[in-house]
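Note sheet for the following structure.
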Number of protein chains: 2
Amino acid sequence: MGRTQGSRAEVTGPLIRDAARRLFARHGYAAVSMRQIAAEVGVQVGTLYAYTADKQALLADLLREHMQDLLASWQDDPDLPPPARLDRFVRFHIDTSLDHADGVFLSYMELRNLTPDNHAEITGLRRDYENALQHILDAGVAAGAMRIADARLTTMALIAMLTGVTNWYRAGGRLDRDALHAHYCALVRGAVGA
Amino acid sequence: MGRTQGSRAEVTGPLIRDAARRLFARHGYAAVSMRQIAAEVGVQVGTLYAYTADKQALLADLLREHMQDLLASWQDDPDLPPPARLDRFVRFHIDTSLDHADGVFLSYMELRNLTPDNHAEITGLRRDYENALQHILDAGVAAGAMRIADARLTTMALIAMLTGVTNWYRAGGRLDRDALHAHYCALVRGAVGA
DNA sequence: GTCTATACTAGGATAGAC
DNA sequence: GTCTATCCTAGTATAGAC
């Protein structure tokens, strides 16, 4: 494969991260070798180390980037009635989970492979995201529009339920994206008594 | 560590599986070496191969055993009203998820590391378990005791929600097991309109 | 920026002694 | 049933040429 091809740093960097994200998600961080990632991109192993200090940094970068994108993408609208805000969150979380399935999967499966510093940073970002949902639930209770016995527990339960859509939903199957949204919105509204 | 100690097959076999289950769950199948497992048990590497054909068979055995235990432990009572059956399932699933957290975690995380044959077998068992919940939901709808738009989707959503308890619940914290059961039963009943 | 070559470590699995 | 010793492969990471 003598694919010597000169410099193209702007393209190789993202390609490496795309390949790593896909391979890590599919086989697990520990099961993927730097050689595999290089082969997927079409470069030699040594080249990877021009873009990342080591394998651990590559993983940490992927998770940090994912969580930051997630937080930046979510735009709450506090002026809406709480049940409508909740519907928007449900749709947002389902769409993100399906459209960035690899990143979502990595962000809760490969935490254990982070160094303590990286681990603390990523779980902090995740906590921020959970709080975005919890704020909606708190507002719903305050407005008398929801019945929730424990907002923290309910937050964790709902996020697990929504993220779980990646375990079974396949595009092109029985349900389209709109039907999916509608069904999950109904389940969530029922769970919180909205 | 010259721990030569003669034969004791009856104890070593289970010890190997306990160690493997714990290590696989904590670090991931690919990240755990046979040497680590041996060290945890207190034997030499070669000894492991008197109990398992290879690392893959060790994983497959753990998952099969877990799913079979799960299916054998669940005893439905079709004579109860559907909402009461559902409550029993919720308690059962939460208790199992917390009491056998390593097995539960492995059974949905390490499927990807199974050979195709083993994979098909384990997912078949898992499907049986999902159907146990779905039967309750179907009965609830038939009896007019639940409002469910899509029983399959609801089954998957509820199982994800319940299993997610392992992500955040810690014994000795704010909530005891009874409170946990009560909160999740309320969420589930709300979701299915019971 | 990328490649080739290589140092060094660790992995899964097996053979044969006790 | 267990241990010791070993084979062979594959891993991460680095050095130096182009």
Side-chain angles (χ1 to χ4, degrees), chain A residues 1-63 106 110 112-115 118, chain B residues 1-63 106 110 112-115 118:
Chain A
M1 301 207 216
R3 285 190 61 183
T4 305
Q5 51 209 7
S7 307
R8 32 184 185 145
E10 302 79 15
V11 62
T12 304
L15 282 181
I16 289 172
R17 306 212 303 197
D18 288 347
R21 186 184 305 107
R22 185 171 53 250
L23 290 171
F24 287 166
R26 189 161 315 170
H27 306 291
Y29 172 76
V32 174
S33 69
M34 295 298 267
R35 289 190 216 281
Q36 274 178 275
I37 298 171
E40 185 92 355
V41 176
V43 297
Q44 296 301 313
V45 202
T47 303
L48 299 185
Y49 292 89
Y51 293 89
T52 185
D54 52 23
K55 197 182 169 188
Q56 161 75 204
L58 188 50
L59 176 64
D61 285 347
L62 288 174
L63 298 199
L106 284 185
E110 298 296 358
R112 62 186 174 190
N113 283 310
L114 293 175
T115 58
N118 287 332
Chain B
M1 280 210 243
R3 286 189 60 182
T4 304
Q5 51 208 2
S7 306
R8 32 185 185 142
E10 302 80 14
V11 63
T12 303
L15 283 181
I16 289 173
R17 305 210 305 193
D18 289 347
R21 187 184 304 108
R22 185 170 53 249
L23 290 171
F24 287 165
R26 189 161 315 169
H27 307 290
Y29 172 76
V32 174
S33 69
M34 296 296 267
R35 286 171 163 80
Q36 272 179 276
I37 298 171
E40 185 91 354
V41 176
V43 297
Q44 296 300 314
V45 202
T47 302
L48 299 184
Y49 291 89
Y51 294 89
T52 186
D54 52 22
K55 197 183 170 188
Q56 161 76 202
L58 187 50
L59 176 63
D61 286 347
L62 289 174
L63 298 199
L106 284 185
E110 299 295 357
R112 62 187 175 191
N113 283 310
L114 293 176
T115 58
N118 287 333

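Note on naming: letters A, B, ... go to the chains in the order of the sequence lines (proteins, then strands), and numbering restarts at 1 for each one.
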Query - Atom pair distance, as rounded to whole Å: CD1 in B:Ile37 and P in C:dG12 - result: 8 Å
Query raised in the report: Do B:Thr52 and B:Ile16 come within less than 4.5 Å of each other through their side chains, counting heavy atoms only?
Result: no
Report summary line: In whole angstroms, the gap separating C1' of C:dG1 from CG of A:Leu15 amounts to 14 Å
**Report entry** Residue pair B:Leu106 / B:Ala25: nearest heavy atoms and the distance that separates them
**Finding:** CD2-N, 3.7 Å
**Report entry** Nucleotide of D:dC3, C:dA13, D:dA13 approaching A:Tyr49 most closely (side-chain heavy atoms)
**Finding:** D:dA13
Query raised in the report: Taking B:Gln56 for the side chain and B:Asn113 for the main chain, is one N or O donor matched with an acceptor at less than 3.5 Å?
Result: yes
Query - N/O (side chain, A:Thr47) to phosphate O (OP1/OP2, C:dC3) under 4.0 Å - result: yes
Strictly under 3.5 Å: I want the nitrogen or oxygen pairs between protein and nucleotides 15-18 of chain D, one per line.
none

Query raised in the report: Do you know which two heavy atoms are closest between A:Glu40 and A:Ala19, and how far apart they sit?
Result: CG-CB, 3.7 Å
Query raised in the report: Given atom CG of A:Leu48 and atom C1' of C:dC3, what is their separation to the nearest angstrom?
Result: 12 Å
Query - Nearest-0.5 Å distance that lies between atom CZ in B:Arg17 and atom CD1 in B:Ile37 - result: 12.5 Å
Query raised in the report: For B:Thr12 and D:dT2, is the shortest distance between a side-chain N/O and OP1 or OP2 below 4.0 Å?
Result: yes
Query raised in the report: Taking it one step at a time, do A:Leu58 and A:Tyr51 satisfy side-chain contact (heavy atoms from CB on, under 4.5 Å)?
Result: CA-CA 9 Å; A:Leu58 188 50; A:Tyr51 293 89; over 6 Å; no
Query raised in the report: Reckon B:Tyr51 has a side-chain N or O less than 4.0 Å from the OP1 or OP2 of D:dT2?
Result: yes
**Report entry** For A:Leu23, the option from A:His27, A:Arg21, A:Arg26 that meets side chain to side chain contact (heavy atoms under 4.5 Å, CB included)
**Finding:** A:His27
**Report entry** Separation of atom CG in A:Leu23 from atom C1' in D:dT12, rounded to whole Å
**Finding:** 16 Å
**Report entry** Interface residues of residues 27-36 of chain B with DNA chain C (non-hydrogen, below 4.0 angstrom)
**Finding:** B:Val32, B:Ser33, B:Met34, B:Arg35
Query raised in the report: NZ of B:Lys55 versus C1' of C:dA10: gap in Å, rounded?
Result: 12 Å
Query - Side-chain heavy atoms of A:Arg112 within contact of A:Tyr29, under 4.5 Å - result: no
**Report entry** Heavy-atom closest pair, residues B:Leu15 and B:Val41
**Finding:** O-CG2, 3.7 Å
Query raised in the report: Nearest-Å distance, CD (B:Gln44) to P (D:dT4)?
Result: 5 Å
